[in-house]
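Sequential numbering from 1 along the given sequence is applied to the chain's residues. Just so you know, these numbers use all the heavy atoms, side chains as well, and skip hydrogens, waters and symmetry mates. Numbering of ligands and ligand atoms starts at 1, following listing order.
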Amino acid sequence: MATELPPASPSLAQSRAWFARAAEVIPGGQYGHTAPAAGLPGVFPYFSEEAYGCRFRDVDGHEYLDFMCGYGPIVLGHAHPEVEEAAERERARGRVHNQPSRIMVELAELLTERIDCADWAVFAKNGSDVTTWALQVAREATGRKKVFLLEGAYHGVDAWCTPGYGGLIEEDRRHVHRYRWNDLESLEALFREHGDEVAAVFTTPYHHPGFAPSVWPAEGFLPGMQALCERYGAVLVLDDIRVGFRLDARGSHRVVGFEPDLACYCKAIANGYPLAAAVGRDSLRSAAGRVFLTGSYWNNPESMAAALATLRILERDRVPDRIRAMGERLGAGLEAAARRHGRTLRMTGPPSAPYPWLEGDDDLRELQRFCAAAVRRGAFFHPHHNWFLSAAHDEASIDAAVAVAEEAFAACAAGEGGDSDGR
Ligand SMILES: Cc1ncc(COP(=O)(O)O)c(C=O)c1O
């Protein structure tokens, strides 16, 4: 793929044509987080063609610097040669067998050696598979029904946690209660009311809601949550699906300082190959063994080989340190570019998975204009979701993105994307 940036205001003719075809045969044309309404309709391409390193190309032939990385799975860069080779070696021996491969055991051994709260591991395909299973394990272990969830957190598409509304019945959420981030009192109040009925408390390592800045845990918040779980006998579940292995090759809880009983991973675990994992403590091993867990593709050794390769590279190449440094370079560059155009931009959350926040822009319209102007110039920035960096982002690509941002801020100041712009 060429390294030049695509021209400004690329035509999306092919994207639009394919979307029209999709709308005939797929409800809404696209759904979930890639549906146009969740992004920037008319600016984001609707279909992509190929991806390599830190770039992707859409169906109209425009190339973008990729700051979404497939919404998180790509941590080493698209089509990383060592991961592809490891996966291909397994693929050549068959995709789905009647038995698991020995690789599953090796992968479980690696996770239990590497993650301090892991005495066992199980595997599935998507994050939702393991968050839902984790709740079942907590219920099986405690004999209780209730679950405390963080307000604004995402844990997947199953009925107990989906942010959507369609198809739900009130019973789906009967045992779900919400606490607020960095508000231990809100959690304590739930424990006081339902302490002898609660099976699990779910948390993320830091708060990463959509459409809002990311927030780190306040001092003592997560250890306080852990102490409450211990006092009331609830299972503390870490949902580390968003950034697991990205902040620390041994799990994000090491960065924020607490010890979960059960942890869920997906996204970065296999650099884009479909795989999810749950790990847990010995105290939950027997309950875990009693909760049925399976799927048609879950034994697929290709993804597990990709995970083994990815996890080894993450540690060998100190990838979390590298992507943090690149994220800091990006953040500093973007914040300075914003200042030069009279805006205050804060890159919130971890530098390798930052969420941008423009001061005084609570309805996100300015951020949407800025991201649209950047996308038209070849840097794929998202205004509603945290971004992701990969090990394929180097100084040159970060600096190129900062240069795009500079132009984008200037274009916004000149009225691009504004009410009178007609775009
Ligand atoms: C924190 C978190 N939990 C759970 C999920 C669900 O994972 P999946 O989309 O693979 O089912 C996601 C997906 O974005 C997530 O970010």
Side-chain angles (χ1 to χ4, degrees), residues 30-35 38-39 67-75 122-138 147-164 176 178-179 181 200-217 222 225 236-248 251-253 255-256 258 260 262-279 293 295-298 300 303-304 306-307 310 348-350 352-355 382 384-390:
Q30 286 179 359
Y31 37 81
H33 62 292
T34 68
F67 287 94
M68 290 308 288
C69 294
Y71 287 78
I74 305 301
V75 68
V122 298
F123 302 100
K125 282 292 163 209
N126 284 290
S128 302
D129 300 334
V130 283
T131 51
T132 294
W133 182 79
L135 175 55
Q136 287 179 285
V137 170
V147 55
F148 298 166
L149 302 183
L150 166 62
E151 222 169 79
Y154 181 65
H155 299 298
V157 293
D158 290 328
W160 62 278
C161 62
T162 175
V176 174
R178 304 262 174 192
Y179 65 92
W181 186 249
V201 177
F202 275 65
T203 188
T204 50
Y206 66 98
H207 194 22
H208 44 62
F211 303 91
S214 297
V215 190
W216 288 104
L222 290 171
M225 176 183 293
L236 178 51
V237 181
L238 168 65
D239 178 348
D240 204 3
I241 286 164
R242 183 79 54 96
V243 292
F245 309 121
R246 187 173 261 291
L247 307 190
D248 187 308
S252 308
H253 60 289
V255 176
V256 288
F258 78 114
L262 220 160
C264 301
Y265 301 97
C266 187
K267 295 205 184 278
I269 195 172
N271 202 48
Y273 282 83
L275 192 78
V279 305
L293 178 67
S296 297
Y297 298 99
W298 289 14
N300 156 263
S303 292
M304 296 190 188
T310 301
T348 69
S352 62
Y355 182 84
H382 202 306
H384 305 152
H385 194 287
N386 71 266
W387 307 353
F388 295 95
L389 276 81
S390 76

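- The aromatic rings of F67 and W387 lie tilted to each other, with the angle between the two planes from 30° to 60°.
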Does ligand 1 have any N/O pairs with the protein under 3.5 Å, and how far apart?
from: ligand 1; atom 1: 3 (N); to: Y154; atom 2: O; distance (Å): 3.2
from: ligand 1; atom 1: 3 (N); to: D239; atom 2: OD1; distance (Å): 3.2
from: ligand 1; atom 1: 3 (N); to: D239; atom 2: OD2; distance (Å): 2.6
from: ligand 1; atom 1: 10 (O); to: G127; atom 2: N; distance (Å): 2.7
from: ligand 1; atom 1: 11 (O); to: G127; atom 2: N; distance (Å): 3.3
from: ligand 1; atom 1: 11 (O); to: S128; atom 2: N; distance (Å): 2.8
from: ligand 1; atom 1: 11 (O); to: S128; atom 2: OG; distance (Å): 2.8
from: ligand 1; atom 1: 14 (O); to: K267; atom 2: NZ; distance (Å): 3.1
from: ligand 1; atom 1: 16 (O); to: R242; atom 2: NE; distance (Å): 2.7
from: ligand 1; atom 1: 16 (O); to: R242; atom 2: NH2; distance (Å): 3.3

Exercise. Test side chain to side chain donor-acceptor pair (under 3.5 Å) on D240 and S252 and set out the steps.
Key: CA-CA 7 Å; D240 204 3; S252 308; 2.7 Å; yes
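- Annotation: side chain of K125 is in contact with side chain of N300 (closest heavy-atom distance under 4.5 Å).
- Of the N and O atoms on the side chains of D239 and T131, not one donor lies less than 3.5 Å from an acceptor on the other residue.
- At least one side-chain heavy atom of W216 sits under 4.5 Å from a side-chain heavy atom of P350.
- Here the side chains of C266 and V130 are not in contact, with every heavy-atom distance at 4.5 Å or above.
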